[in-house]
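Here the structure is laid out as structure tokens; the discussion comes afterwards.
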Amino acid sequence: MRVDQPLQIQRKCAKIRWENALIILGYRCRVIITFSWIDARLAHVQKYTDNLRNIFPTSTIIVVMVTAAFYFSMERSKEIILSPVVDILHRERDNGNISKGVMLFVMSNGGGFQLMTLRKLLLKDPSSVTSSQNPIALVCDSTPGDNALESAILSNAPNNPLIRLLVVPVIVLAYGVLYAVDFLAGNRPLFEELRSTYLEADILPSIGNPIDVKAAPRLYIYSKKDKMTLSKHVESHIKQATLLGLDVTVEVFSNTPHVAHARQDPDRYWGAVRNVWLRALQQVRSQL
């Protein structure tokens, strides 16, 4: 027997348990929206979508990728970028896939900003899908943070110290202009709105259950050593979500960098993703 054979047997048994659970509950996730971190490389994001495809082989996987310009864009520009996702959701509604469930896979605060924009579009879209008991799960990988200027610098400033010295003042100036414009327009601070969005029971308006706070389970995945999204900010948000009665599960890593947890322990990471989907199915069944 090879040394790694017991581990292979364990993984095979876990997969069988997962398949059996899906058969019993009767649903496979049919729509997955992946919101990548800002300036992500397609090759890196594809590693996540490949794993999602392996777990949910019949799903429609929507990948949203943006550059740093998205962070500083006006709301209308952001809505134009996310509007094709609304069109796809309408198509998936028409072919019956929405009723099988939606997973929101959010990576970093940049992914969260994309989700914020999508939610706003759904709130004001008169042709949005009808509200019903559709399974929904939210995966929050390395998000949310709680300091907009700090996040803007950490996300956009280059590592080279000399170039960084030149770029940081530009980022601060751009952030200041954006903050002033939002303030004058009556908009909420960006990170305040991000954290509030994650706490909405109706995380996907017109798609999920707008009343039951437990209808859309949340999975928080973060690290104690993340220098971009500090663990204290994620943990304070977890506490808020729990106090509101949301269905919350947590996977905390001790020493992984920002959005790198899946690389260190893929079995643990993707096992947590499977489990939050099963919780979403169980929530729907409990309401039937």
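Predicted, not measured: the structure shown is a model, and the values here were computed from it.
Between the side chains of His261 and Ser223, no donor-acceptor pair of N or O atoms lies under 3.5 Å.
Partners of Lys214 under the salt bridge (Lys or Arg N to Asp or Glu O under 4.0 Å) rule, at least two apart in sequence or in another chain, do not exist in this structure. By the side chain to side chain donor-acceptor pair (under 3.5 Å) test, Lys225 pairs with no residue at all, sequence neighbours left out. Shown here are the side-chain contact (heavy atoms from CB on, under 4.5 Å) partners of Ser236, two or more places apart in sequence or in another chain: Arg195. Partners of Asn255 according to the side chain to side chain donor-acceptor pair (under 3.5 Å) rule, which considers only residues two or more places apart in sequence or in another chain, are Gln264. Under the salt bridge (Lys or Arg N to Asp or Glu O under 4.0 Å) criterion, Arg268 pairs with Glu251, sequence neighbours left out.
Val170 and Ile38 end up in different hydrophobic clusters when Ile, Leu, Val, Met, Phe, Trp and Tyr side chains are linked at under 4.5 Å. At a threshold of 4.5 Å between side-chain heavy atoms, the hydrophobic network of Ile, Leu, Val, Met, Phe, Trp and Tyr places Leu194 and Met74 in one connected group. Follow the hydrophobic side-chain contacts under 4.5 Å out from Val250 and you reach Leu244 in the same cluster. Under the 4.5 Å side-chain heavy-atom criterion for grouping Ile, Leu, Val, Met, Phe, Trp and Tyr, Leu173 is not connected to Leu166 through any hydrophobic cluster. Residues Leu121 and Ile88 share a single hydrophobic cluster, defined by chaining ILVMFWY side chains whose heavy atoms lie under 4.5 Å apart.
Atom CE of Met103 sits about 7.0 Å away from atom CG of Leu52, to the nearest 0.5 Å. The CE atom of Met65 sits 9.0 Å away from the CG atom of Asp39 when rounded to the nearest 0.5 Å. For the atom pair CD (Glu79) and CG (Leu118), the distance works out to 10.5 Å, reported to the nearest 0.5 Å. Atom CG of Leu230 sits about 10.5 Å away from atom NE2 of His258, to the nearest 0.5 Å. Here the CG atom belonging to Leu219 is positioned 13.0 Å from the CZ atom belonging to Arg274, to the nearest 0.5 angstrom. Taking CE of Met116 as the start and OG of Ser196 as the end, the distance is 9.0 Å to the nearest 0.5 Å.
A donor-acceptor contact shorter than 3.5 Å is absent between the side chain of Asn54 and the backbone of Asp50. The main-chain N or O of Gly96 is found under 3.5 Å from a side-chain atom of Ser99 such that the two form a donor-acceptor pair.
Heavy-atom minimum distance, Val276 versus Arg218: CG2-C, 4.1 Å. Residues Gly111 and Phe35 share a closest heavy-atom pair of O-CB, 3.4 Å. For the pair Val259 and Ser142, the tightest heavy-atom approach, listed with the atom from each and the gap, is N-OG, 3.1 Å. Looking at every heavy atom in both residues, Ile61 comes nearest to Thr49 through CD1-O, 3.9 Å. The two atoms that bring Ile33 and Leu89 nearest to each other are CD1-CD2, 4.1 Å, heavy atoms only. When all heavy atoms of Ala216 and Ile203 are compared, the closest pair comes out as CB-CG2, 4.0 Å.
Side-chain contact between Lys239 and Thr242: absent, with no pair of heavy atoms (C-beta onward) separated by less than 4.5 Å. The closest side-chain heavy-atom distance from Thr117 to Ile81 is not below 4.5 Å. Residues Pro217 and Gln283 form a side-chain contact, since some pair of their non-hydrogen atoms from C-beta on lies under 4.5 Å apart. Counting only heavy atoms from C-beta outward, the side chains of Trp277 and Ile32 never approach each other to under 4.5 Å. Asp141 is listed as a side-chain neighbour of Tyr48, based on a closest heavy-atom distance under 4.5 Å. By the 4.5 Å heavy-atom criterion applied to side chains, Phe253 and Asp226 are not counted as neighbours. Using a 4.5 Å cut-off on side-chain heavy atoms (C-beta onward), Thr60 and Arg30 make no contact. Using a 4.5 Å heavy-atom threshold, the side chains of Ile136 and Leu138 count as separate.
Note on Glu235 versus Lys232: no salt bridge recorded, every NZ/NE/NH1/NH2 to OD/OE distance being 4.0 Å or above.
The ring pair (Phe, Tyr, Trp, His ring centres under 6.0 Å) contacts involving residues 212-231 comprise Tyr220-His237, where partners must be two or more places apart or lie in separate chains.
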Run Asn109 and Leu190 through side-chain contact (heavy atoms from CB on, under 4.5 Å) and show every step you take.
CA-CA 10 Å; Asn109 299 311; Leu190 195 60; over 6 Å; no

Does the side-chain contact (heavy atoms from CB on, under 4.5 Å) test come out yes or no for Val102 and Glu92, once each step is laid out?
CA-CA 10 Å; Val102 180; Glu92 295 300 312; over 6 Å; no

Determine, stepwise, if the pair Arg119 / Leu123 fulfils side-chain contact (heavy atoms from CB on, under 4.5 Å).
CA-CA 6 Å; Arg119 189 172 187 278; Leu123 280 171; 3.6 Å; yes

Passes side-chain contact (heavy atoms from CB on, under 4.5 Å), Asp125 versus His90? Steps please.
CA-CA 11 Å; Asp125 178 14; His90 290 164; 2.9 Å; yes

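The aromatic rings of Phe113 and Phe191 sit perpendicular to each other, their planes meeting at more than 60°, with 30° as the lower class boundary.
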